[in-house]
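The next block holds one structure in the form of structure tokens; read it before the comments.
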Amino acid sequence: MVSEPLAKSYEPKEFEQRWYSFWESRDFFKADAASEKPVFSIVIPPPNVTGSLHMGHALQHTLHDILVRWKRMNGFNTLWLPGTDHASIAVHYVLDKQLEEQKKSRFDLGRDEFMRIAWEWKKTSGGTILNQMRRMGVSCDWSRERFTMDEGLSRAVTEVFVRLYEEGLIYRGEYIVNWCPRCKTAISDLEVVYKASQGHLWHIKYPVIGSDECLTVATTRPETMLGDTAVAVHPDDERYTHLVGKKVLLPVMNREIPIIADGFVDREFGTGVVKVTPAHDANDYEAGLRHGLEKITVIDDAGFMTEAAGDYRGMDRYKCRKLLAERLEREGFLEKLEDYEHNVGQCDRCSSVVEPKSSIQWYLKVATLAKPAIEAVESGRICFVPDNFKKRYFEWMYNIHDWCISRQLWWGHRIPAWYCDACGKIVVARETPEKCPTCDAALRAETDILDTWFSSALWPFSTLGWPDDTGDLRAFYPTDTLITGPDIIFFWVARMIMMGLKFAGEIPFGQVHINGIVRDAHGKKMSKTKGNIIEPLQLIDEYGADAVRFTLSSMAVPGTDIPFSPDRMKGYSAFANKVWNAARFVLMNLREEDDAAQAAEVEELAGAGRGTMPLEDIWILHRTNRTAAEISEALDKFRFHEASALIYQFIWHELCDWHIELVKPVLTNPEAAREERTPRIKVLLHVFDCALRMLHPFMPFITEEIWQKLPHRGESLMTQPFPQFREAFDNPAAAGKMQDLMELIGDIRSLRAEMNIDPKRRMDACLIVRKEDDRSLVEQNMSRLLTLARLNSVDFCEVVAGGWLSGVSKLGSFGIDVRGAIDIGAERARLEKEIEKLKTEIDKVLKKISSHEFVARAPKEIVEENRARYEEMTGKYNKLEINLKRLVSAQSQL
RNA sequence: GGGCGUCUAGCUCAGUUGGCAGAGCACUGCGAUCACACCGCAGGGGUCACAGGUUCAAGUCCUGUGGCGCCCACCA
């Protein structure tokens with residue numbers, strides 16, 4: 001059969017979308033819970049519904065898809081489950097901004113109206129990122145798409161919450177939380193990012209009552225002094241022991257507050273005296289509990305001063321700081337003001353400065369859950385790639401703190417708790433209770449929702465139907481591999497392990513592959529302010545998804561960041577073009593009689609017909625076979641960059657540069673006899689088919705487009721088996737001979753190029769072979785040698801004729817007849833340079849092998865290897881010397 | 001303050017048990033008859049951050065120094 005030829009130029013836009021629809025419509029991405037095949041399952045790290053595709057996603061989706069497609073081709077029942085995360089705080093942030101434009105806040109709308117808008121918004125723009133993923137070619141099972149606020153997943157959230165509460169692992173209490181005054185919610189420790197910032201240290205004098213002494217405290221947040229209810233010193237600090245128990249007069253507020261002694265004070269820092277503000281500092285809060293101090297909240301939920309702040313009520317916290325500091329100075333309470341660099345906590349989402357604030361929140365005692373999660377990694381049931389990320393995991397897990405899980409937001413899972421205002425009972429239940437179980441009074445529902453990461457923690461099993469015992473859960477849990485970024489090891493990975501072990505009874509995944517962060521070409525983090533953001537969709541428009549995928553995968557060294565360079569991008573786009581054109585060559589040279597059956601016959605051919613098969617065919621079959629094994633090995637270890645380099649190197653520099661060039665004379669010759677041509681095209685078709693299969697996980701679109709034009713059986717390349725290593729194709733001896741031949745061709749080409757011989761000029765050559773075997777090797781492959789080295793003839797001889805250019809290759813010395821037109825000076829310089837280079841190499845090896853210690857202590861193979869190398873190099877050296885001598889004598893005869 | 005990582009060609013980076021220093025891009029020379037100029041052939045380019053040590057042998061292992069990056073904690 002003869003297919004439609006491929007378009008003259010590679011235009012990925014012409015076919016990428018078409019093949020995606022084809023695969024999707026044929027259900028090729030769909031997993032089968034009832035299948036007998038071995039299972040490979042992955043759940044996607046669900047992107048935020050608010051999101052649009054960025055380079056980080058592009059990287060992760062590429063790596064996921066490579067693994068999934070590869071496993072699918074290896075006969076696995078493969079599930080890649082897609083979906084999105086409701087991302088409560090992120091959605092709030094986006095909607096808040098929209099409301100701000102209308103000069104409104106969510107509180108103006110009310111909860112119900114806000115939720116209506118949020119759902120509406122999710123419906124219209126929540127699918128954006130999923131469609132962008134499709135453009136990348138991801139082979140997700142869309143029939144199993146999930147959203148964290150789906151009915152089923154919400155049920156899982158409630159179930160988990162209720163069980164944890166019943167076990168006493170979830171509790172409600174008043175503590176200091178990180179409060180974001182812009183988002184107007186508590187956030188967890190993880191959501192606070194500390195930034196070094198240049199601030200001040202105010203030293204403020206608090207007069208001791210009944211004494212003319214003053215205690216000086218140092219603070220970075222003077223406005224909180226309005227809420228001070230004590231000052232503290234260390235119990236053993238002799239400077240102050242006489243004052244403990246006395247009182248100071250709090251400046252401005254003119255409130256008498258006690259001087260207490262507490263071990264939490266660091267004597268070395270500042271004056272050794274600390275102001276204590278239990279409502280606005282975690283340490284002070286604890287001290288307050290120990291000493292029975294009052295909590296006075298002076299900053300409200302929005303970051304404004306409260307009634308309790310006296311003259312400063314209603315004022316923004318920073319304005320208050322400024323005015324208060326001025327007043328302290330004016331009134332003589334400010335001892336000094338220092339510049340001071342310290343870390344300021346900011347809200348992860350909106351970068352507002354976080355305010356530590358006392359409030360009642362829901363907490364999860366994570367330490368209990370952490371134990372088995374630590375054990376799972378320690379025992380190796382879960383491994384990290386690269387391995388050292390588990391250190392980071394352990395460090396966090398060993399020092400884990402209770403997790404504040406409640407948020408004062410609306411978009412998310414509402415905490416399933418109800419309060420009885422009559423008797424104080426708290427009811428936590430799966431279904432809405434009608435009335436208070438103890439006093440029959442009406443109940444008031446909790447308004448707080450859960451931290452988004454609470455539902456994300458359940459993702460690997462909630463998406464498969466838990467808490468029901470579903471076929472999907474049985475078939476696909478635990479999942480195999482998690483691929484994600486280093487930034488969410490604590491947020492997500494650690495919590496999934498804890499929840500998976502606790503509720504699904506098993507680890508959620510076996511391996512955690514941590515990928516790097518995609519940066520700009522110079523290793524700088526991409527950011528809007530720097531203006532160095534690269535949009536993956538733009539790249540796809542320009543270069544096609546395949547080239548983008550290949551670029552990312554070729555740079556994906558486990559655990560290291562990726563400096564994304566447009567140059568590399570162009571390079572891999574050129575690779576796609578190369579593949580395209582190689583395919584065009586194959587297709588152009590097909591004949592009617594070439595059909596799908598032929599490719600399949602190659603295996604017999606390789607086994608039985610090896611004797612008659614041309615060397616380059618044996619070689620390329622050997623190399624194809626080895627490459628397949630090496631790619632599999634690399635992918636097995638998540639070495640995507642290595643796998644990419646292998647297929648790239650194979651296709652470009654072995655298949656295209658050598659094999660196709662070697663078979664070209666036969667295939668392009670219309671006169672070629674059928675019996676000569678047919679075996680060659682069989683091998684080429686087979687090898688090309690293998691190459692497409694090996695490349696498919698990396699570049700799914702172009703490989704499918706090409707494969708469909710080649711003679712084939714089956715519906716789609718993506719459902720074909722990945723090439724496996726076959727003993728029958730392995731032939732290192734023959735491959736070695738081919739390498740020698742290639743080296744000879746290379747050496748002749750080098751010599752010609754160096755001596756500026758017109759590439760078009762065909763010349764006569766001679767060869768002094770090392771041994772008889774080599775002679776027959778060259779004889780049998782004479783036509784290839786003549787073509788690729790651009791020669792007329794090669795004679796076997798004893799010496800290179802005078803006036804010929806001479807060189808040395810592994811197979812022996814050779815000469816090229818330049819008809820006396822040799823530039824003796826240039827040739828002499830060349831030889832001398834080569835000899836010089838070789839000599840330093842020889843000296844190095846000689847030194848090694850003549851060392852007694854080396855011979856005595858190094859392994860035999862290494863010693864032998866070096867001796868052999870020495871032999872080879874000295875052989876070559878001697879030949880070059882002879883050539884040089886002859887040249888010199890020829891020169892002197894002139 | 002504690003911990004982790006990194007330093008290799010002009011640039012960006014590979015280099016997995018120690019055993020001949022690599023890739024891509026960039027650069028130089030040559031090459032326009034049909035697979036591909038998004039190409040081919042050939043070539044130049046290295047004190048593997050620095051200083052010690054272990055070893056027959058170190059880019060690779062150990063110790064220290066320095067630059068850069070990240071994580072955790074956070075004392076006002």
Side-chain angles (χ1 to χ4, degrees), chain A residues 6 8-10 189 194 201-202 217-221 224 232 264-277 281-284 340 342-343 345 386 388-389 391-392 395-396 399 486-487 489-490 517 519 521-523 525 543 547 551 554-555 557 559-589 637 639 641-642 645 648-649 656-657 660-661 664 668 746 749-754 756-760 788 790 841 844-845 848-849 851-859 861-863 865-866 869 873:
Chain A
L6 282 177
K8 180 120 197 204
S9 64
Y10 165 58
D189 295 347
Y194 289 92
L201 197 55
W202 282 268
V217 302
T219 180
T220 53
R221 296 189 298 154
T224 61
F264 87 102
V265 180
D266 178 359
R267 276 177 281 181
E268 309 301 319
F269 188 90
T271 55
V273 186
V274 182
K275 61 191 272 308
V276 182
T277 324
D281 181 274
N283 282 318
D284 296 4
Y340 188 68
H342 63 138
N343 284 332
N388 45 312
F389 277 101
K391 278 189 194 167
R392 215 186 265 193
E395 182 190 305
W396 191 71
N399 301 303
D487 48 335
I489 291 177
F490 311 136
I517 294 167
R519 296 167 175 277
H522 295 282
K525 215 164 189 166
Y543 299 104
T551 307
S554 70
M555 299 176 82
V557 181
T560 61
D561 289 351
I562 295 177
F564 192 92
S565 106
D567 286 342
R568 290 277 293 258
M569 180 75 248
K570 283 185 195 127
Y572 292 118
S573 156
F575 174 57
N577 187 61
K578 186 78 183 177
V579 173
W580 184 262
N581 281 294
R584 286 184 61 224
F585 173 82
V586 175
L587 285 164
M588 270 174 194
N589 291 292
K637 290 187 276 186
R639 300 181 71 84
H641 68 297
E642 215 170 85
Y648 178 97
Q649 161 72 24
C656 292
D657 286 354
I660 289 184
E661 290 307 322
K664 196 180 262 182
T668 55
R749 282 169 167 176
S750 262
L751 181 58
R752 293 179 55 128
E754 261 178 86
N756 287 319
I757 293 167
D758 182 353
K760 285 190 291 287
L788 294 189
R790 306 227 25 115
E841 289 272 313
K844 251 161 71 178
V845 180
K848 207 178 220 181
I849 59 172
S851 148
H852 294 298
E853 287 95 340
F854 174 73
V855 176
R857 303 200 193 188
E861 315 88 75
I862 300 292
V863 176
E865 207 177 292
N866 279 278
R869 212 174 138 234
M873 288 194 301

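So you know, we letter chains A, B, ... as the sequences are listed, proteins then strands, and number each from 1.
- In terms of phosphate contacts, A:Thr560 brings a side-chain nitrogen or oxygen within less than 4.0 Å of OP1 or OP2 of B:rA14.
- Taking 3.5 Å as the limit, the base of B:rA73 and the side chain of A:Glu395 contain no donor-acceptor pair of atoms between them.
- The side chain of A:Asp266 lies closest to B:rA76 when the candidates are B:rG19, B:rA76, B:rA14.
- Ion pairing between A:Arg392 and A:Glu395 fails under the 4.0 Å rule for side-chain N and carboxylate O.
- When distances run from any side-chain atom of A:Arg639 to the nucleotides B:rC75, B:rC74, B:rG15, the shortest one goes to B:rG15.
- We find that CD of A:Glu853 is positioned 11 Å from C1' of B:rA57, with the value rounded to whole Å.
- For A:Asn756 and B:rC30, the shortest distance from a side-chain N or O to OP1 or OP2 is not below 4.0 Å.
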Pairs under 3.5 Å (N/O, protein and nucleotides 39-43 of chain B):
unit_1, atom_1, unit_2, atom_2, d
B:rC39, O3', A:Lys578, NZ, 3.1
B:rG40, OP1, A:Lys578, NZ, 3.2
B:rG40, OP1, A:Trp652, NE1, 2.4
B:rA42, O3', A:Ser750, OG, 2.9
B:rG43, OP1, A:Ser750, OG, 2.8

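- Computed from coordinates, the A:Phe490 CZ to B:rA73 C1' distance equals 12 Å when rounded to whole Å.
- When each of A:Trp396 and A:Lys275 is assigned the nucleotide of RNA chain B with its nearest heavy atom, A:Trp396 is the one assigned upstream, toward the 5' end.
- Atom-to-atom, CD of A:Glu268 to C1' of B:rC74 comes out at 17 Å; the value is rounded to the nearest Å.
- Dashed line: the shortest gap from a side-chain N or O of A:Arg392 to OP1 or OP2 of B:rA73 is not under 4.0 Å.
- Annotation: A:Tyr648 is in aromatic contact with A:Tyr572 [ring centroid separation under 6.0 Å].
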